[in-house]
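Some notes on the structure that comes next.
Predicted, not measured: the structure shown is a model, and the values here were computed from it. To find a chain, count down the sequence lines: A is the first, B the second, and so on, and within it residues start at 1.
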Number of protein chains: 2
Amino acid sequence: MPGNVAHLTSPHVNAYIAVVNTSEGGLGVGGLGTEPIPGRARATIEDVAAAAGVSVATVSRALRGLPGVAAPTRERVASVAEQMSYRADPAASRLAMGRSRSIAVAVPLLNGWYFSQIVAGAEAICALTGYDMIVVGLYGDAARRSFIDAGDSIHRRVDGVIFVEIPLTENDVSDLMARGLRTVTIGQATHRFPSVGIDDTYVGDLATSHLLSLGHTRIGLIGDQPANPDGRVVPALRQTGYAQALGRAGIALDPKLQVSGSFTMVGGLAAMETLLELADPPTAVFAMSDEMAFGALVAMKQRGLSAPKDVSILGVDDHDLSELVGLTTVRQIASDHGSRAARLLISQLEGNASTVARYDGVVELISRESTAGT
Amino acid sequence: MPGNVAHLTSPHVNAYIAVVNTSEGGLGVGGLGTEPIPGRARATIEDVAAAAGVSVATVSRALRGLPGVAAPTRERVASVAEQMSYRADPAASRLAMGRSRSIAVAVPLLNGWYFSQIVAGAEAICALTGYDMIVVGLYGDAARRSFIDAGDSIHRRVDGVIFVEIPLTENDVSDLMARGLRTVTIGQATHRFPSVGIDDTYVGDLATSHLLSLGHTRIGLIGDQPANPDGRVVPALRQTGYAQALGRAGIALDPKLQVSGSFTMVGGLAAMETLLELADPPTAVFAMSDEMAFGALVAMKQRGLSAPKDVSILGVDDHDLSELVGLTTVRQIASDHGSRAARLLISQLEGNASTVARYDGVVELISRESTAGT
DNA sequence: GTGAAAGCGCTAACAG
DNA sequence: CTGTTAGCGCTTTCAC
């Protein structure tokens, strides 16, 4: 049976090795970072100024490439700074300039494939531009509110934020603007901040149409809570596309065919079980993410069913593993969304006029073995 | 054929919508964040002090819960601060205190499953303790050096770092110490900093032994560059375990059976191809990560082979999808490693004596369908 | 082209 | 218990 196991547990389980407590004076395994770390005195801008025989103002200007410094001076300062391996203390310059040269990426969960792609994409741009990227997980409404409210975090810690699939209410948006925080969203479009994403209605339509064209008429949907009032907008749009395609084909919506999979593999598994237990189960299922589709495949496998023989399955993302399991999917380039958003945000922070209201990424249907005709 | 596709390209591809340039005065789509954002004047500690009729010192003390403040005073300050929604400017307090209340997590790549689990685990602890987590991708030696050298980043931006599978030389270690940067490693153990990981030699042995016990004698290994001089230590250890088990069974090592998969799915795929093209291919393969194992499965599938019929495959991680594809694997709880490391680091930053030199996580063999007897 | 000095907003002695 | 004050290290007018 799948997942049944021989639990050859490691003999090394939970091995806390070498408990050291140096509060009573530094004995213990190799001084595990408890001794007062020396931290050789760092050079300050004054040290550099003195060594270069100029004022701190000149050092500051020279090192940051500001105009109004004679070429020879600039060079001298640079080399002195270099050899003292001087670097401006970020905290000090943040305080003086009021900008932190860092951004936050807020995601609803961190271990999803889609989100890690986004984070990877954004990180690449941050590395390129010298920005720090802090990532924060916002699980649920409360976390989102406390993050946005003056009540919490971001405030002055970052210059801007990328909200990834975080449902922003009108209220949130105005709070954000009032706070003067540059914002870019991924997924949802706010009409106030630039955003990047895909045409999710089109995605839902494309997926469903594909299934329809194969002859299916009873098509299940694995998505998000349909009842979620203030929920993510992406699932809703994909659902709209689904309904739209069905409508065009003259097929009535069946609420029982639409279940939530919480955008996780286990959620998809449970959702598929629900679908399979229906008196009149679907012959094809559109899962709004590949991970949920994987879950659906597992559910089928557990009952001795397989795709597309018993039910066709179609996902969204083109996860790294979709090819392995032969999953038909609507591909999007998630890491691109992340880097795009970061570029948009940072370019804005650098004072460039924002140029894009919405960037819609590429989308295409990749037909593999998990879908077939009836 | 797998991966062959119907490219129904979206008609919405690359749609740059609404190009706005307000450098010539605010017309354009709904003011896309180009206008001088107001950013209502933030309250400073002085404002609060004035409003509460106390000194800034008292405000500071009261708000941070320091001793030596009368209860009524503390309360009054708190409520005034609350209703002015005052929050200490992090840049200022960082400068004054010399601590940033943030840590960095450095990973060699961001889109691997293992690493996103780690990041997720660490983030949870940071959220809990009020630390910011900045994540940085260190691809290759140069990036690592420039990160560690005074020459670059971290310096004063974070109080501590978690290095995830970043090979640290003795030199790196002393630089880090000299710099006074609290450090925790995941994977490699340095004997200077606390570390978390698993017993990787044991992992290699466990996996190989399992294959041996099934009767296999020709066992391939998909890992990392064996020749990498300064490479990650984890692959080397797992390889040691592999050699160890083989040795116990009296089987000689065959270099041709050991190939690099770069710890990615495509790398695993290529590695498996190499293995399959051998004159005398293995009957079982131990891949050092599930993702590489997935790649191996794809390679087999592409040639009309399947596991375990033609070759048994075994991975490491227990990836979310391993159950789906029925992959036998050595499970580790990656997110745990991340949270553990974060806890270790932060507790140290909070001044607690470090208590653990090395935390070894749980490991167990999960036997599924991808392995069978000869 | 360069320097002097006034902050940025907070923390931490040191007095009272 | 509370207030005064001197920094933290950098940026940025404003003079020279």
* Passing candidate, side chain to side chain contact (heavy atoms under 4.5 Å, CB included) with B/F193, options B/V173, B/L345, B/V184, B/L181 -> B/V173

* If you check every side-chain atom of B/S93, which of D/dT11, D/dG3, C/dT11 has the closest atom? -> C/dT11

* Among C/dG9, D/dG9, C/dA4, the one nearest A/S55 by side-chain distance -> C/dA4

* **Side-chain N,O (A/R64) to OP1/OP2 (D/dT12) below 4.0 Å** => yes

* **C/dG3 phosphate, OP1 or OP2, under 4.0 Å from A/T58 side-chain N/O** => yes

* **Donor-acceptor pair (no angle test) under 3.5 Å: B/R61 side chain, D/dG3 base** => yes

Listing time: all N or O pairs from protein to nucleotides 5-8 of chain C that are below 3.5 Å?
residue : atom : partner : partner atom : Å
C/dC8   : O2   : A/A96   : N            : 3.4

Taking the side chain from [X] and the backbone from [Y], do they hold a donor-acceptor pair closer than 3.5 Å?
| X | Y | answer |
| --- | --- | --- |
| B/N352 | B/S347 | yes |
| A/D159 | A/I103 | no |
| B/E123 | A/V136 | no |
| A/R182 | A/V161 | no |
| B/R144 | B/P167 | yes |

d([atom1], [X]; [atom2], [N]) in whole Å:
| X | N | atom1 | atom2 | value |
| --- | --- | --- | --- | --- |
| A/R94 | C/dC10 | CZ | P | 16 Å |
| A/L66 | D/dT11 | CG | C1' | 9 Å |
| A/E46 | D/dG7 | CD | C1' | 11 Å |
| A/I45 | C/dA4 | CD1 | P | 14 Å |
| B/D89 | D/dC10 | CG | P | 17 Å |

* With distance as the sole criterion, is a donor-acceptor pair present between the side chains of B/R358 and B/S195 under 3.5 Å? -> yes

* To do: Classify the side-chain pair A/E350/A/Y131 by whether it contains a donor and acceptor separated by less than 3.5 Å.
  => yes

* To do: Nearest 0.5 Å please: distance from the CG atom of B/D132 over to the OG atom of A/S102.
  => 8.0 Å

* Asked: Going by heavy atoms closer than 4.0 Å, what residues in residues 67-79 of chain B are next to DNA chain C?
  -> none

